[in-house]
Amino acid sequence: MSPYSQARVEAVRISRPEDIKRAAEALHAFAMECGLRAAPAHDIADKRTPVDADGNPLARDVFGWTEERVWWRNARIALDSPITSACRFESQPFWVNASGFHTRQPSAYLDSVDLTNFDTRAMTRAAIVVPVHLPFGQIGAVSFNPLDPEQTDLSEAFELVSDALGLYARTFIASYVHVMGSIQALPPQSRLSKREVECLRWAAIGKTDMEISMIMSRSRATVRFHIHNASLKLNAVNRSQTVFKAAQLGYISLNK
C-alpha cells in the first residue's frame with residue numbers, strides 16, 4: 001500500500017473509544033514500515049499520554065516503548081525536550097537531530113530553540129516530528145524515532161514520507177482528542193457580540209477600562225459589562241484568559 005491512502009487515513013481515525021487501539025495499531029504499522037517508531041502525545045503540556053478504552057498506555061502496549069525507554073513517564077519532558085519546545089513554534093512536520101531542525105521552509109523560531117545536550121533531553125538521536133495544533137491552544141505531537149538508535153540522518157525519510165506521516169498523525173491525534181475530551185473547553189453557545197469583541201480587541205493591546213470607554217465613547221461600566229459578559233460566554237476566570245480564549249477562537253488577534 002502506498003504512503004498516501006484513504007484507507008490508511010480511515011484506519012487511524014477514531015470515532016469512539018473502542019476504536020483507539022485499532023487506530024493506534026494502524027499508525028504503528030505504517031511507522032514501522034518506514035523504519036520508525038511513533039511516540040504520540042495528545043497534549044505536550046500533559047504528562048499523560050494517549051490510552052486505550054481501558055486506560056492502558058498506547059506507548060507501552062501498542063507502540064512498543066519498553067520499560068527501558070519510558071519517555072512517556074518523564075514528567076519533565078514537556079519542559080526539557082527541544083522537540084516539544086519546537087512544537088510550540090511550528091505547525092508543519094520537521095526532522096531534527098543534534099545539528100539542528102530541518103524543515104521544508106526556513107523557520108527563525110526553530111533556529112532559536114536550544115539544542116544543548118540534545119540526545120539526552122530529546123531521548124533520541126533524531127526524529128521526524130508532526131506538531132498537531134488543536135482548538136483552544138492545545139498542542140499535540142507525534143514523534144517518529146528511527147528503529148536504529150544510531151541513525152541520525154533522516155533527510156531521505158523526511159522527503160519520502162513526512163507528508164503522509166503528517167496526515168496520519170494529525171488524524172489520529174485530533175480524533176483521539178475529540179473522542180476522549182470528556183469536558184468541552186468552551187460551552188457550545190460562546191458567540192461574542194460586536195461590542196464584546198471590540199472591547200476585547202482594545203484590552204488585548206493593553207488598554208484599561210477607562211481608556212476603552214473613551215475610545216468607544218461608552219461608560220466604563222458599559223465596558224466592564226461587555227468584558228464580563230464575554231468572560232461568562234468563554235468560561236474564562238479572568239480578563240487575561242478571556243482575551244486569550246477570544247484570540248484562540250479567532251475573534252481577535254494578539255499580533256497587533
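Residues: numbered from 1 along the sequence shown. Both backbone and side-chain heavy atoms feed into the values below; hydrogens, waters and symmetry mates do not.
Take Tyr251 and apply the side-chain contact (heavy atoms from CB on, under 4.5 Å) test, not counting sequence neighbours, and it matches Arg191, Leu192, Val197, Ala246, Leu249. Considering only residues two or more places apart in sequence or on other chains, Glu90 meets the salt bridge (charged side-chain N to carboxylate O under 4.0 Å, His left out) condition with none of them. Evaluation of the salt bridge (charged side-chain N to carboxylate O under 4.0 Å, His left out) rule for Asp209 yields Arg224, Arg239 as partners, not counting sequence neighbours. Applying the ring pair (Phe, Tyr, Trp, His ring centres under 6.0 Å) test to His226 and every residue at least two apart in sequence or in another chain returns nothing. By the side-chain hydrogen bond (donor to acceptor under 3.5 Å, both in side chains) test, Ser240 is found to be paired with no residue, residues two or more places apart in sequence or in another chain being considered. Every residue two or more places apart in sequence or in another chain that forms a side-chain hydrogen bond (donor to acceptor under 3.5 Å, both in side chains) with Thr120 is listed here: Asn117.
Pro40 approaches Pro50 most closely through the heavy-atom pair O-CD, 3.4 Å. Residues Ser5 and Tyr168 come closest through the heavy atom pair N-OH, 3.1 Å. Among all heavy-atom pairs drawn from Ala141 and Cys87, the shortest one is CB-SG, 3.7 Å. Shown here for Ile44 and Gly140, the closest heavy-atom pair between the two residues is CG2-C, 4.3 Å. In terms of heavy atoms, Pro93 sits closest to Phe158 at O-CZ, 3.5 Å.
Residues Phe225 and Met216 fall into different hydrophobic clusters, defined by Ile, Leu, Val, Met, Phe, Trp and Tyr side chains chained together at heavy-atom separations under 4.5 Å. Met180 and Leu58 fall within the same hydrophobic cluster, defined by Ile, Leu, Val, Met, Phe, Trp and Tyr side-chain heavy atoms under 4.5 Å apart, directly or through other members. Phe244 and Leu134 are not part of a single hydrophobic cluster, where members link through side-chain heavy atoms under 4.5 Å apart.
With rounding to the nearest 0.5 Å, the separation of CG in Leu165 from CD1 in Ile128 is 6.0 Å. Atom CG of Asp153 sits about 8.5 Å away from atom OG of Ser99, to the nearest 0.5 Å. The distance from the CG atom of Asn238 to the CD1 atom of Ile227 is 12.0 Å, given to the nearest 0.5 Å.
Remark: side-chain polar atoms of Asp19 are paired, donor with acceptor, to backbone N or O of Arg16 under 3.5 angstrom. With hydrogens and angles ignored, the 3.5 Å screen pairs a side-chain donor or acceptor of Ser85 with a backbone N or O of Ser81. Side-chain atoms of Gln151 do not come within 3.5 Å of backbone N or O of Asp148 as any donor-acceptor pair. Thr222 contributes no side-chain N or O that, together with a main-chain N or O of Arg218, makes up a donor-acceptor pair within less than 3.5 Å. For the pair Gln248 (side chain) and Gly137 (backbone), a donor-acceptor distance under 3.5 Å is present. With Lys207 contributing its side chain and Ile212 its backbone, the two residues share no donor-acceptor pair below 3.5 Å. A donor-acceptor pair is defined here as one N or O able to donate and one able to accept, closer than 3.5 Å; such a pair exists between the side chain of Ser175 and the backbone of Ile14. Under a 3.5 Å cut-off, the side chain of His228 and the backbone N or O of Val223 do not form any donor-acceptor pair.
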Criterion side chain to side chain contact (heavy atoms under 4.5 Å, CB included) on His42 and Gln138, from CA distance to verdict: CA-CA 8 Å; His42 64 287; Gln138 183 170 328; 4.2 Å; yes
Derivation and outcome, side chain to side chain contact (heavy atoms under 4.5 Å, CB included), residues Tyr176 and Val51: CA-CA 9 Å; Tyr176 174 88; Val51 296; 3.7 Å; yes
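Residue pairs meeting the salt bridge (Lys or Arg N to Asp or Glu O under 4.0 Å) criterion with at least one member in residues 132-146: none, sequence neighbours excluded. A salt bridge (Lys or Arg N to Asp or Glu O under 4.0 Å) check over residues 123-145, counting only residues at least two apart or in different chains, returns the pairs Asp119-Arg125, Arg125-Glu150. Applying the salt bridge (Lys or Arg N to Asp or Glu O under 4.0 Å) definition to pairs two or more places apart or across chains, those involving residues 97-112 are Arg104-Glu159, Arg104-Asp163. For residues 130-141, no residue pair satisfies the salt bridge (Lys or Arg N to Asp or Glu O under 4.0 Å) rule, not counting sequence neighbours.
By the 30° and 60° cut-offs, the orientation of the rings of His102 relative to Trp95 is parallel.
Under the 4.0 Å criterion applied to side-chain N and carboxylate O atoms, Arg201 and Glu198 are not assigned as salt-bridge partners.
Between Glu196 and Lys233 the shortest side-chain heavy-atom distance falls below 4.5 Å. Looking at heavy atoms from C-beta onward, Ile139 lies out of side-chain contact with Asp43 at the 4.5 angstrom threshold. Inter-residue side-chain proximity for Leu154 and Pro146 is flagged as met; some heavy-atom pair is nearer than 4.5 Å. Counting heavy atoms from C-beta on, the side chains of Arg37 and Trp65 come closer than 4.5 Å. In this structure the side chain of Leu167 reaches within 4.5 angstrom of the side chain of Val9, judged on heavy atoms. Looking at Val142 and Ile173, their side chains come closer than 4.5 Å, going by heavy atoms from C-beta outward. Residues Arg121 and Asp114 meet the side-chain proximity criterion, which asks for heavy atoms closer than 4.5 Å. You'll find the side chain of Leu36 stays beyond 4.5 Å of the side chain of Asn145, heavy atoms only.
Residue-environment remark: CD (Gln105) stays at or below the threshold of 12 foreign heavy atoms within 6.0 Å.
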Review item, side-chain donor-acceptor pairs of residues 21-32, under 3.5 Å, at least two apart:
unit_1: Arg22; atom_1: NH1; unit_2: Ala11; atom_2: O; d: 2.4
unit_1: Arg22; atom_1: NH1; unit_2: Arg13; atom_2: O; d: 3.3
unit_1: Arg22; atom_1: NH2; unit_2: Arg13; atom_2: O; d: 3.4

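Counting side-chain heavy-atom gaps under 4.5 Å among Ile, Leu, Val, Met, Phe, Trp and Tyr, the cluster of Phe94 also holds Ile83, Phe89, Val96, Phe101, Tyr109, Leu110, Val113, Leu115, Phe118, Val129.
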